[in-house]
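Whatever order the structure lists them in is the order used to number ligands and atoms, beginning at 1. Note that the numbering runs from 1 along the sequence shown for the chain.
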Amino acid sequence: MKTAADFYKPLAIGAPAPWRELPIVLERTIHFFPPHIEKMCAKVPAMVKQVDVLLGNLEDAIPIEAKEAARAGFIKVAKEVDFGATGLWTRVNALNSPWGLDDILQIVESVGDKLDVLMIPKVEGPWDIHYVDQLLAQLEAKYNVRKPILIHAILETAQGVKNVNEIAQASPRMHGMSLGPADLAASRGMKTTRVGGGHPFYGVLADPRTDGGERAFFQQDLWHYTVARMVDACMANGLKAFYGPFGDFDDSDACKAQFRNAFLQGCVGTWTLHPKQIEIAKDVFSPEVKEVLFAKRILEAMPDGSGAVLIDGKMQDDATWKQANVIVKLAKLVASKDPERAAAYGF
Ligand code: GLV
Ligand code: MG
């Protein structure tokens with residue numbers, strides 16, 4: 001265990017000092033693009049204004065024969081496009097794959113000063129984060145990268161879930177985590193071929209009816225437990241939690257329901273793999289207008305956050321004041337980027 005005094009020291013001479021707190025940025029949508037496909041790269045400049053984060057995916061879904069083209073394509077896009085306030089992330093190949101090391105080496109060398117976050121898949125424990133942390137510090141020092149690159153872990157192995165808190169605490173470079181329901185399902189031996197979302201067989205059956213009629217079946221959220229663990233580990237350590245992929249592009253309603261569960265549980269954003277998921281994500285991960293207006297009323301009624309008041313028959317106290325603050329803080333962040341929502345929230 002590192003001492004508290006050492007925790008924030010740069011890991012290489014000449015590397016920038018780690019962030020002490022995460023930069024405050026809106027990250028509702030992490031939009032994935034495949035950088036080996038020129039047509040998709042050509043769309044990136046137009047997408048910059050539509051999403052909060054653009055992520056060049058180098059890992060799963062990129063064919064083996066296109067791995068190097070994807071890396072080169074990402075570097076080209078990162079160099080050429082002005083991302084403004086939109087985040088630039090990449091998902092590199094796993095640390096035990098033949099490409100992970102070269103992904104990190106070449107990307108930091110070429111575009112380390114533009115990259116905000118490095119997404120690391122299949123993280124199993126703090127040792128994976130320590131390795132990337134040290135390597136990034138060496139590369140930042142070598143290539144004179146002045147802004148520390150953050151690490152985002154995908155929670156997608158049984159061992160990773162077991163070690164989720166240690167992963168969150170592994171480095172001041174930790175940005176957050178995303179749920180990886182496809183790999184996680186495989187790693188855990190879950191019996192589903194779906195990428196995120198519910199399963200029609202996972203639920204509870206109501207008690208038998210006295211009239212012998214059909215018993216109601218209530219489908220449950222397969223991912224509830226994991227999202228909750230991820231949110232607790234992230235929030236307890238000052239990081240951000242994200243939902244991951246939702247693979248059924250034709251089922252926008254189920255996608256929305258899954259995103260909404262994650263949002264309500266504490267996640268701040270999600271991956272979007274298809275353009276039609278972008279508006280769903282922006283909608284879900286921006287607080288509801290009604291909630292924001294009510295939260296503002298709580299703050300107005302309790303200027304110093306203490307005591308108790310009744311608003312529309314609902315009890316408000318120090319704790320609900322804190323809840324209201326979470327919503328209003330997020331609404332202000334959304335408003336700073338989204339004039340339409342700013343007007344609806346009354347900012
Ligand atoms: C994402 O990477 C997943 O495995 O679901
Ligand atoms: Mg995965």
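No side-chain heavy atom of N57 sits under 4.5 Å from any side-chain heavy atom of M119. Counting heavy atoms from C-beta outward, D248 and V195 have side chains that stay 4.5 Å or more apart.
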Could you go through ligand 1 and list every pair where one of its N or O atoms sits under 3.5 Å from a protein N or O, giving the atom names and the distance to one decimal?
residue, atom, partner, partner atom, Å
ligand 1, 2 (O), R91, NH1, 3.0
ligand 1, 2 (O), E156, OE1, 3.0
ligand 1, 4 (O), E156, OE1, 2.9
ligand 1, 4 (O), D183, N, 2.8
ligand 1, 4 (O), D183, OD2, 3.0
ligand 1, 5 (O), P181, N, 3.1
ligand 1, 5 (O), A182, N, 2.7

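No salt bridge links D232 with R229; every basic N to acidic carboxylate O contact stays at or beyond 4.0 Å.
For K76, the NZ atom counts as loosely surrounded, since its 6.0 Å shell holds 12 or fewer non-hydrogen atoms of other residues, nucleotides or ligands. Surrounding CG of L205 are more than 12 heavy atoms belonging to other residues, nucleotides or ligands, all under 6.0 Å away.
Listed by chain and residue number, the protein N/O/S atoms under 2.8 Å of the Mg ion (ligand 2) are E156 OE1, D183 OD2, with waters left out.
Each side chain to side chain donor-acceptor pair (under 3.5 Å) pair with one or both residues in residues 173-191, not counting sequence neighbours, appears once here: E27-H175, K122-D183, D133-R173, E140-R173, H152-H175, H152-S178, S178-W271, R188-T226.
Taking R209 as the reference, D211 meet the side-chain hydrogen bond (donor to acceptor under 3.5 Å, both in side chains) condition, with sequence neighbours excluded.
Side-chain contact annotation: Y345 with R341, donor-acceptor N/O pair under 3.5 Å absent.
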Discussion item. Run F242 and M177 through side chain to side chain contact (heavy atoms under 4.5 Å, CB included) and show every step you take.
Written reply: CA-CA 6 Å; F242 293 76; M177 289 181 212; over 6 Å; no
